[in-house]
Amino acid sequence: MKRLKFEELHLSDEMLRAVVEMGFEEPTHIQSETIPTLMEGKDIIGQAQTGTGKTAAYAIPILENIENGANYIQAVVMCPTRELVIQVSDEFQKLMKYKSNITVVPIYGGQEIGRQLKALKKNPHIIIGTPGRTIDHIKRGTLKLENVSFVVLDEADEMLDMGFKDDIELILAKTPKTRQTIMFSATMPEDIMRIMRRHQEHPKQIDVTQKKIDAPKIEQVYFELHEKTKPEALSRLLDLHNIKLALVFCNTRKKVDSLVEILKSRGYFAEGLHGDINQNQRERIMSNFRNGSTEILVATDVAARGIDVNDVEAVFNYDLPGDDEDYIHRIGRTGRAGKSGVAFTFIVGKEIYNMRRIERLNEIKIRRAMIPTLDDLDESRLEGIKNILSETIEKGHLSKFINYIEKLVDEDFVTMDIAAALLKITLDRKNESFDNSMNFHDYTFQETPKEGFKHRKGKSGSRRNDKFRSGGRSGDRSYSSKPEYGFDKKKRDKRKSKENKPWKRKKK
Ligand code: ADP
Ligand code: MG
């Protein structure tokens, strides 16, 4: 599957500008397949899991086709939950930032009906709603769909599971046959296919569910955390494992730039690589990385694809990639040529499900671990200090300093206290840039119940839910319940000795 560039999708300047501003580097697979098809006026039936960028896949062509001079509803987007309605509306807002006079109205239960009625009276161009509330408005006569040219069923399988089948049928029946129908679903059960056969014409079928790829055999670890704690977590891991050559992947240009700034301010030698960086800069950055003067390269997938660095000590998935296969490509940048390597993945909220899917599909195991505490860091640094101490003692020329200490002892200081205080000063200084108030150890994602919940035929969604509720972190039996990496001290000490850490590269 060849992925197109945004520039190849014949988008308006306003849209390209918004996409650049959002930091999107290139279309995801589903976007690359969907956008040109919808621009040609065809229907889409697409199978893709979450996190693959489906919203922009339909939002971009819809926004490009809205006639802002015509005051009637031109597009209807159906999502299973209130949460998704809000998320999708936000994505529309960002994408239409530079387009004038397009109006989008979100419609969901729990929101004051008067406000919705007022918003609907203004003849918006796009409606984004849950099926239940949308039907309410159709029945009240406050929503007219006779001029609609796009209907989107986002996460169709979820909507059917929630008992919205009749509502969806009704919405499709109320819209003109000439409309374009776009249906996305993670699974394709027969009842969905049946509805779509009745309501779609020669749809283009798109399947971006990934096939298994051979994953490199390296240690893979994940951490559950909040988005805002990622920089702290990254710094702690870099320090704990004393990593001198790392590749850190972010999903957008924006993230690359901001992370590089944060890392630099924390004293790391970091540089960023993405599509906005010109060839000259790129070569300079790469040569700095190769000779070790840059320790951490922060990159998007696109930028990293063009570089031939495959022997990094560690790969960080600072963001979980949207396309599953990128995960495998990313981690393949370490552990080459018989060396061992390690891949660290940051997981926020529901991304845990995407990660589990990547594991299942590729038959790999990604172990859960905890972000190291500052005490963990002290211990690991002590190792380093011990080495420096013995080197310094061996080299000698300490008389001048022994003199100072003797003077202090004359003033009634105790040598042990002096040594302890100096050690404390050294370690505290190293900890200055860390935030001790961040506690990573009591965070596990818990899903909130869905809005508009009617009934569910025991699908995986609810099962996952139960598992997290009852078991939490340790109840998840298929995964090591004992966080090991950076936590189990014995294991870590073993890893720290050089023989067991061949992926450690000495800095020149
Ligand atoms: P899905 O609906 O498939 O679960 P979303 O549309 O919600 O996925 O997108 C997931 C995340 O990826 C969002 O934060 C979105 O802004 C981001 N995203 C979408 N397209 C791209 C892209 N081309 N490059 C980088 N990030 C993207
Ligand atoms: Mg979605």
Side-chain angles (χ1 to χ4, degrees), residues 3-9 11 15-16 18-36 44 46-63 77-97 106 128-130 152-159 182-187 206-210 227 230 249-259 274-276 299-305 317-324 326-327 330 346-355 357-358 450 461:
R3 248 195 273 191
L4 296 170
K5 298 194 171 74
F6 277 114
E7 291 74 18
E8 294 171 313
L9 294 175
L11 304 179
M15 184 57 78
L16 270 180
V19 165
V20 167
E21 198 170 301
M22 288 168 84
F24 292 2
E25 183 104 311
E26 67 171 354
T28 62
H29 274 152
I30 195 104
Q31 290 163 1
S32 171
E33 295 273 311
T34 302
I35 295 170
I44 293 265
Q47 186 166 6
Q49 287 95 354
T50 53
T52 46
K54 291 187 287 294
T55 317
Y58 59 77
I60 290 174
I62 287 177
L63 286 167
V77 179
M78 289 293 107
C79 305
T81 65
R82 172 210 311 217
E83 183 196 355
L84 282 172
V85 167
I86 295 169
Q87 270 176 28
V88 168
S89 303
D90 286 348
E91 191 97 339
F92 266 85
Q93 296 295 345
K94 287 185 201 147
L95 288 166
M96 60 195 245
K97 182 167 174 194
I128 300 163
T130 50
V152 180
L153 305 175
D154 198 349
E155 305 205 6
D157 51 352
E158 293 283 334
M159 291 198 282
I182 301 136
M183 196 277 297
F184 283 125
S185 196
T187 55
I206 298 172
D207 181 355
V208 298
T209 50
Q210 302 294 339
E227 186 65 42
K230 282 181 177 179
F249 285 96
C250 296
N251 285 358
T252 64
R253 295 176 190 188
K254 253 178 154 168
K255 271 254 185 99
V256 169
D257 288 338
S258 75
L259 180 59
H274 56 59
D276 278 350
T300 56
D301 291 291
V302 193
R305 232 168 267 151
N317 293 300
Y318 193 78
D319 298 318
L320 192 69
D323 286 318
D324 289 356
D326 281 333
Y327 176 86
R330 287 176 178 189
F346 290 167
I347 297 291
V348 178
K350 288 188 186 180
E351 286 171 2
I352 188 77
Y353 304 138
N354 295 13
M355 194 209 73
R357 186 182 70 228
I358 291 172
K450 290 184 174 169

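Order of appearance sets the numbers: ligands from 1, and atoms from 1 within every ligand.
- Taking the ring centre of Y318 as origin, the terminal cationic atom of K255 falls outside the region bounded by 6.0 Å and 45° from the ring axis.
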Short N or O contacts of ligand 1 with protein, under 3.5 Å, listed by atom name?
| unit_1 | atom_1 | unit_2 | atom_2 | d |
| --- | --- | --- | --- | --- |
| ligand 1 | 3 (O) | G51 | N | 3.4 |
| ligand 1 | 3 (O) | T52 | N | 3.0 |
| ligand 1 | 3 (O) | T52 | OG1 | 3.2 |
| ligand 1 | 3 (O) | G53 | N | 3.1 |
| ligand 1 | 3 (O) | K54 | N | 3.1 |
| ligand 1 | 3 (O) | K54 | NZ | 2.9 |
| ligand 1 | 4 (O) | G51 | N | 2.5 |
| ligand 1 | 6 (O) | K54 | N | 3.4 |
| ligand 1 | 6 (O) | T55 | N | 3.0 |
| ligand 1 | 6 (O) | T55 | OG1 | 2.7 |
| ligand 1 | 8 (O) | G53 | N | 3.1 |
| ligand 1 | 16 (O) | E91 | OE1 | 3.3 |
| ligand 1 | 16 (O) | E91 | OE2 | 3.2 |
| ligand 1 | 20 (N) | Q31 | NE2 | 2.8 |
| ligand 1 | 23 (N) | E26 | O | 2.8 |
| ligand 1 | 23 (N) | Q31 | OE1 | 3.1 |

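- Residues satisfying the side chain to side chain contact (heavy atoms under 4.5 Å, CB included) test with T300, not counting sequence neighbours, are E25, V256, H274, V302, A303.
- Using a distance-only test at 3.5 Å, with no hydrogens or angles considered, no donor-acceptor pair links the side chain of D319 to the main chain of C250.
- Applying the side chain to side chain contact (heavy atoms under 4.5 Å, CB included) test to P27 and every residue at least two apart in sequence or in another chain returns F6, L9, Q31, S32.
- Summarising the geometry, atom CD belonging to E91 is positioned 12.0 Å from atom CG belonging to L84; distances are rounded to the nearest 0.5 Å.
- Not counting sequence neighbours, the partners of Q47 by the side chain to side chain contact (heavy atoms under 4.5 Å, CB included) test are M188, D207, T209.
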